[in-house]
Amino acid sequence: MDSSDLASLIVQLLASSGARGMTREELYTQLAVSRTVLGRALDELIQEGSVQIRRIRGSEKTRTAKLGETHAGRPAQRVYLVDKKAYAIGIVLRKRHSTAVAVSRLGTVLSVVSIDRDFHINDSYPIEHILRTLCARLIEEARSIDLSQIQYVGIGLPVPTRLLDAQEYSETVVNIRAAVQEFWDAPCWIDNSVLDSALAEFALLRRTRSVQQPAVFSQLYIHVSGGISSSLVIAHDSGDQASFPVATSLGEFGHVTIPGHSALCYCGKRGCLETIASTAGLSFAAHMPSFDDVVAGYEAGDHACQAAYRDAVQAVSFALSITMIAVLPQVVVIGGDVAHAFRTFADDVQTKVSHEVTSALGRKPDFVRAGVTDVDAAFAAIDLARRNAAHHDVSTAHAAQIIQTHRPQR
């Protein structure tokens with residue numbers, strides 16, 4: 001096993017030992033590694049502040065010596081997991097709300113803060129300002145938590161980073177890196193927040209599905225919220241060995257032109273999917289001041305709200321049918337504020353899409369309503385940062401990345 005996996009196993013063992021901690025000899029016996037390898041892993045954990053070592057004294061030293069728990073040449077020591085020590089920060093920025101999460105080395109949530117604000121990428125209020133607000137609020141809310149030695153920061157942006165032109169990409173990365181470094185000097189990985197959600201959903205499917213999955217398993221994730229985006233996740237599983245999934249954003253899904261619609265989109269086109277099915281699009285179509293009012297009106301039987309909802313279902317189904325025929329996914333997951341607010345949205349889209357794509361797929365499509373939260377997406381962002389830190393980069397410059405979406409224990 002590599003040093004990162006060994007460090008994680010040590011942390012799990014120390015967590016299970018509670019306040020008692022463990023001696024080096026106990027760790028050595030349970031992990032079945034050499035003392036040199038164990039020492040290097042412990043040194044790494046000590047340096048990052050996740051564990052501490054105390055010398056055993058008095059009667060306890062006598063007891064451990066009788067049990068053979070000392071090693072010649074080294075004073076008897078007991079290893080403890082440091083309480084309330086943050087290891088990584090995950091940040092998910094959305095067009096309607098944003099979330100920051102501090103997690104421990106064990107993978108437990110230590111603190112969560114969120115802010116609500118409608119904005120999009122061309123807003124005069126830059127993303128880095130929202131990022132600074134989140135970071136400052138996280139520090140303020142987590143006063144009892146040690147945030148001094150953050151090892152990784154993972155950030156999901158409300159825009160496909162791979163679709164930015166060279167200048168936009170460079171400016172966005174530089175500004176966000178500068179904002180983060182005002183708080184923590186740690187490796188920072190920047191990607192799309194929808195991709196983070198897609199990876200979290202993929203990990204959830206792997207954990208919860210009892211049916212046999214094909215050797216090559218693909219998931220199409222659709223996020224319908226303040227913006228509309230899609231991501232494709234693919235993994236190749238061979239026997240008991242699960243590969244790291246390959247994940248990529250599928251272009252500008254929210255700007256597919258929908259026949260029969262002509263509302264002007266902020267991108268300059270007319271009839272884009274986002275003008276119909278996003279939270280702002282639904283509000284405009286239903287003549288309501290906010291998306292929450294649309295949901296309330298729909299539930300109360302308001303005709304304009306119900307008509308806007310039907311148009312949104314039809315528009316998403318049209319764009320999704322085209323995409324599904326092109327990429328042939330095993331599973332489609334539908335998430336975002338619209339899917340969560342309207343409980344039947346995923347089912348209604350599935351009904352319309354099934355008629356169009358069943359013959360092309362050779363089977364009835366498998367639809368799942370999203371089951372993860374922004375906290376789960378933040379965990380995926382952290383995992384991206386941790387696994388890509390060795391690249392010494394701060395964002396995904398390639399079309400797809402091979403990553404592991406193991407969600408830490410919470």
Side-chain angles (χ1 to χ4, degrees), residues 92-98 118-123 156-164 191-201 219-233 247-286 290-292 294-295 308-324 326-327 329 332-342 344-350 352-353 367-370 372 374 377:
V92 176
L93 303 176
R94 308 280 193 196
K95 291 186 177 181
R96 298 186 72 224
H97 49 81
S98 300
D118 288 333
F119 79 103
H120 49 70
I121 198 67
N122 296 322
D123 201 338
L157 300 181
V159 61
T161 55
R162 302 174 185 90
L163 297 182
L164 296 174
D191 213 308
N192 177 233
S193 56
V194 171
L195 187 140
D196 293 332
S197 293
L199 292 170
E201 291 290 350
Q219 169 200 279
L220 176 60
Y221 176 75
I222 307 297
H223 192 85
V224 187
S225 192
I228 302 177
S229 302
S230 63
S231 292
L232 183 67
V233 185
T248 188
S249 298
L250 290 179
E252 290 284 16
F253 182 78
H255 298 280
V256 173
T257 301
I258 306 301
H261 292 269
S262 59
L264 180 64
C265 180
Y266 69 86
C267 74
K269 291 170 50 184
R270 291 187 177 273
C272 289
L273 177 59
E274 284 196 9
T275 66
I276 305 159
S278 68
T279 54
L282 281 160
S283 301
F284 180 80
S290 72
F291 175 66
D292 291 337
V294 177
V295 176
Y309 171 82
R310 288 192 298 269
D311 284 346
V313 169
Q314 182 66 45
V316 170
S317 301
F318 173 82
L320 183 55
S321 296
I322 296 171
T323 304
M324 288 180 65
V327 302
V332 177
V333 181
I334 301 181
D337 290 342
V338 173
H340 285 290
F342 297 104
T344 63
F345 185 81
D347 293 336
D348 292 340
V349 170
Q350 179 180 10
K352 288 188 173 295
V353 169
F367 275 71
V368 177
R369 185 173 178 271
V372 302
D374 280 351

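The residues of the chain are indexed from 1 along the displayed sequence.
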Results of side-chain contact (heavy atoms from CB on, under 4.5 Å) for Ala308 - residues two or more places apart only = Leu282, Ala285, Ala286
message = With a 4.5 Å cut-off on side-chain heavy atoms, are Arg96 and Thr279 touching?
response = yes
request  = Consider only side-chain N and O atoms of Arg94 and Ser197, and report whether a donor and an acceptor are under 3.5 Å apart.
outcome  = yes
Mind listing the side-chain donor-acceptor pairs of residues 314-322 below 3.5 Å, one per line with the distance, residues two or more places apart or on another chain?
| from | atom 1 | to | atom 2 | distance (Å) |
| --- | --- | --- | --- | --- |
| Gln314 | OE1 | Lys352 | NZ | 3.3 |
| Ser317 | OG | Val313 | O | 2.6 |
| Ser321 | OG | Ser317 | O | 2.7 |

key: Nearest heavy atoms of Ala247 and Leu199, plus distance in Å   = CB-CD2, 3.6 Å
ask   = With a 4.5 Å heavy-atom cut-off, do Cys272 and Cys267 have their side chains touching?
value = yes
task = Check for a donor-acceptor pair, side chain of Ser278 on one end and backbone N or O of Gly227 on the other, with a separation under 3.5 Å.
result = no
ask   = How many angstroms lie between CD in Glu274 and CD1 in Ile228, if you round to the nearest 0.5 Å?
value = 5.5 Å
query = Is there a donor-acceptor pair closer than 3.5 Å between any side-chain N or O of Glu201 and the backbone N or O of Ala370?
reply = no
ask   = Hey, does the side chain of Lys95 reach the backbone of Pro158 with a donor-acceptor pair shorter than 3.5 angstrom?
value = no
message = Applying side-chain contact (heavy atoms from CB on, under 4.5 Å), can you list everything that pairs with Asp347, at least two apart in sequence or on another chain?
response = Gln350
Within-4.5 Å side-chain heavy-atom neighbours: Val368 and Val332 = no
task = Measure up the Tyr309 and Phe342 rings against each other and bin them: parallel (under 30°), tilted (30 to 60°), perpendicular (over 60°).
result = tilted
query = What are the two closest non-hydrogen atoms of Val92 and Asp374, and how far apart are they?
reply = CG2-O, 3.8 Å
key: Test salt bridge (Lys or Arg N to Asp or Glu O under 4.0 Å) applied to Asp348 - qualifying residues, sequence neighbours left out   = none
ask   = Backbone N or O of His223 within a donor-acceptor pair of the Ser229 side chain at under 3.5 Å?
value = no
task = List the steps and the verdict of side-chain contact (heavy atoms from CB on, under 4.5 Å) for Phe345 and Val224.
result = CA-CA 10 Å; Phe345 185 81; Val224 187; 4.3 Å; yes
request  = Determine, stepwise, if the pair Leu273 / His255 fulfils side-chain contact (heavy atoms from CB on, under 4.5 Å).
outcome  = CA-CA 5 Å; Leu273 177 59; His255 298 280; over 6 Å; no
request  = Find out whether Leu93 and Ser193 are in side-chain contact, i.e. whether some heavy atom of one side chain is under 4.5 Å from a heavy atom of the other.
outcome  = no
task = Look up atom OG in Ser230 and atom CD1 in Ile222, then write down how far apart they are to the nearest 0.5 Å.
result = 4.5 Å
ask   = Looking at side-chain heavy atoms only, is the closest gap between Arg369 and His340 below 4.5 Å?
value = yes
Residues that Ser225 engages under side chain to side chain donor-acceptor pair (under 3.5 Å), provided they are two or more places apart = Asp337
inquiry  = Less than 4.5 Å apart, side chain to side chain, heavy atoms only: is that true for Ile334 and Val349?
reply    = yes
ask   = OG1 of Thr275 to CG of Leu264: how many Å apart, nearest 0.5 Å?
value = 9.0 Å
For Ser290, side-chain contact (heavy atoms from CB on, under 4.5 Å) partners two or more places apart = Asp292, Asp293
Derivation of the side-chain contact (heavy atoms from CB on, under 4.5 Å) call for Thr323 and Leu250 = CA-CA 9 Å; Thr323 304; Leu250 290 179; 4.0 Å; yes
key: From CA spacing to verdict: side-chain contact (heavy atoms from CB on, under 4.5 Å), Phe367, Val353   = CA-CA 10 Å; Phe367 275 71; Val353 169; 3.9 Å; yes
request  = Might you point out which heavy atoms bring Val295 and Ala341 nearest each other, and give the distance in Å?
outcome  = CG2-CB, 3.7 Å
query = Less than 4.5 Å apart, any side-chain heavy atom of Phe291 and any of Val338?
reply = yes
